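Just so we're clear, the structure is a prediction, and the values are computed from it rather than from any experiment. Throughout, a chain's letter reflects where its sequence line sits, starting with A, and its residues are numbered from 1.
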Number of protein chains: 2
Amino acid sequence: MGTVSKALKLLSYFAPDRTEVGLSDLTRLSGMNKATVYRLMGELQESGFVEQSENDRAYRLGPQVLHLAALREASTPILSVSRRVLRELSDETGETTHVSLGHETHVQTLSHAYSPSHATKVTMEDAQTVTYHATSSGLAILAYADPEFVEQVLAQPLKAHTSMTLVDPDEIRAKLAAIRETGLSDTLGSFELEVHSHAVPIFGADRRAIGALAVAAPASRMSPEQQETIRAALRRAGAALTHRIGGSPPADYPQNIPA
Amino acid sequence: MGTVSKALKLLSYFAPDRTEVGLSDLTRLSGMNKATVYRLMGELQESGFVEQSENDRAYRLGPQVLHLAALREASTPILSVSRRVLRELSDETGETTHVSLGHETHVQTLSHAYSPSHATKVTMEDAQTVTYHATSSGLAILAYADPEFVEQVLAQPLKAHTSMTLVDPDEIRAKLAAIRETGLSDTLGSFELEVHSHAVPIFGADRRAIGALAVAAPASRMSPEQQETIRAALRRAGAALTHRIGGSPPADYPQNIPA
DNA sequence: AACCAACGGTTCAAATAATGAACCACTTGC
DNA sequence: GCAAGTGGTTCATTATTTGAACCGTTGGTT
């Protein structure tokens, strides 16, 4: 692993529940030498990727990441576009919605929206890291990913988040095939019990799945009618989001599924 | 310069008008060896900071920057908060508004809002890089920056963007002192002719200026009354933004300026 | 069709930068 | 006043980065 990768890996230890990290923590988390971490963080700081708290000297992400994100948005505006799509989808379905992006080994939630319709709802945090195999979003992405990428994901240890999580690679492959039939994935309690989640893949300009759009609802509220509402709304919203970021679904993506 | 800094410097060549850059371009822009650029970009790609176009192999910023920005927003939500502040300020003043962040050698616009009030307005792009000395935002930040930082900025060559740009360090120092009197900066045509811009600094938790909030209007529309409206609105909005990101103005910041 | 220039990508000995054990100064809790 | 934690620093050893020259392709010109 090159020096640059090591430095960037240090950035990955920031998380929603750990927005500030000290030098010693980073050293432990990364397993690198303290002097190395210190120097790398110093370089990251010079470039504005992290900044240091005045009093306790803990590191936090710096303003430079906002700048780069603004630039990325200028070319591929998935965030700003998805915000509106999420808002509409939440209003339409009355449930919590979110978009996620597929990464090398995991899926990251990017943005979410709540609906005021119900007092009980699935709550979310942005920038959460979740697994491919246990989430409807992750499975939706996998269903339209390169087969070798799927195998790479399935070759890793698959954690059983709940008793409902699919951890058998063969079962997951079957599930992915089923998802490809409809273009829509759903999981019941496989990441968190009592949560019934539906998702559709979002495609980039190269017709590959780059992320997913999802609706998460309490299982208790998931009547067959509600499920049909969600599936229809999700299909429309997903197609809209894919289109508005300049992407296109692959030729074999089920376009017009009759009710 | 360490390897990490070199890699991160490569990211700085992305701009609103150059969202995709090829290997040879990066080599020329950075002055580094092609093999070096290739390897560094490869590492940036592995970490998801950039991705490569399928057809022409040009690099563009990757999804990882969005993830980090979402995290940064979770701890210091300047972007999401500023969006609302900008909206209100634009509605109130009828003009274009924007927030910028101060960096080592330059200022970067982060987000902006337009007003529908007038057909003619100042147009903006997010993630633009501008100079400290020629913009009201930059001067507002400098007025509340460390004196040594000010000298560092003034020691660089100061480009005359227009005939109105202040380029004499002494004149700029005088201007900064004047800004400190009122806590508000304005420039007329110093970055672009015919644009009259007002700005207030935004302070972080450590009471240092981290950025600026600005209103940019066509000079022709800037009557004394309109100017007073803008100054008052800007003062309020700036205080609100500083407060809502968890920051505080320094003790010597003029708080309640009578009209 | 032959040419040329520019592109992305690759190689490997030489040069340079990264590394890590041990260190210091400081703060916190007992 | 001790012990254990913190952030920060040093410097000989080591491993990585570097860059000139290379290859294969592509697209435009003669």
### Trace of the ring pair (Phe, Tyr, Trp, His ring centres under 6.0 Å) decision for A:Tyr132 with A:Phe149
CA-CA 11 Å; A:Tyr132 269 108; A:Phe149 178 71; 5.6 Å; yes
### Task
Identify the two heavy atoms, one from A:Val37 and one from A:Met32, that lie closest to each other, and give their separation to 0.1 Å.
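Between these two residues, the closest heavy atoms are CG2-CB, 3.8 Å.
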### Message
For a quick test of reading the model, state the closest non-hydrogen atom pair linking A:Leu213 to A:Leu234 and the distance between them.
### Response
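Scanning both residues completely, I find the closest heavy atoms to be O-CD1, 3.7 Å.
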### Task
Have a look at the helix from C:dA1-D:dT30 to C:dC30-D:dG1 and give the angle its two end axes make, five pairs each, rounded to 10 degrees.
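Taking five pairs per end, the axes differ by 40°.
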Show which side-chain atoms of residues 14-29 of chain A pair as donor or acceptor with protein atoms under 3.5 Å away, not counting sequence neighbours.
| residue | atom | partner | partner atom | Å |
| --- | --- | --- | --- | --- |
| A:Arg18 | NE | A:Tyr13 | O | 3.2 |
| A:Arg18 | NH2 | A:Tyr13 | O | 3.1 |
| A:Glu20 | OE2 | A:Arg60 | NE | 3.0 |
| A:Asp25 | OD1 | A:Arg28 | NH2 | 2.9 |
| A:Thr27 | OG1 | A:Leu23 | O | 2.8 |

### Message
Output the rounded distance in Å from CG (A:Leu26) to C1' (D:dT6).
### Response
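For the pair A:Leu26 CG and D:dT6 C1', the rounded distance is 13 Å.
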### Message
How would you summarise protein contacts on nucleotides 3-9 of chain C per nucleotide, using B for base, S for sugar-phosphate only and - for none, with heavy-atom distances below 4.0 Å?
### Response
----SBB
### Under 4.0 Å protein heavy-atom contacts per nucleotide of nucleotides 10-19 of chain D, with B for base, S for backbone only and - for none
B-----SSBB
If the threshold is 4.0 Å, N to carboxylate O, is there a salt bridge linking [X] and [Y]?
{"X": "A:Glu51", "Y": "B:Arg72", "answer": "yes"}
{"X": "B:Asp252", "Y": "B:Arg180", "answer": "no"}
{"X": "B:Glu46", "Y": "A:Lys9", "answer": "no"}
{"X": "B:Arg173", "Y": "B:Glu151", "answer": "yes"}

Sequence neighbours left out, cut at 3.5 Å: what donor-acceptor pairs do the side chains of residues 123-131 of chain A make with other protein atoms?
| residue | atom | partner | partner atom | Å |
| --- | --- | --- | --- | --- |
| A:Asp126 | OD1 | A:His112 | N | 3.3 |
| A:Asp126 | OD1 | A:His112 | ND1 | 2.7 |
| A:Thr131 | OG1 | A:His161 | NE2 | 2.9 |

Kindly list each side-chain donor-acceptor pair under 3.5 angstrom involving residues 240-249 of chain A, sequence neighbours excluded, with atom names and distances?
| residue | atom | partner | partner atom | Å |
| --- | --- | --- | --- | --- |
| A:Thr242 | OG1 | A:Phe203 | N | 3.1 |
| A:Thr242 | OG1 | A:Gly238 | O | 3.3 |

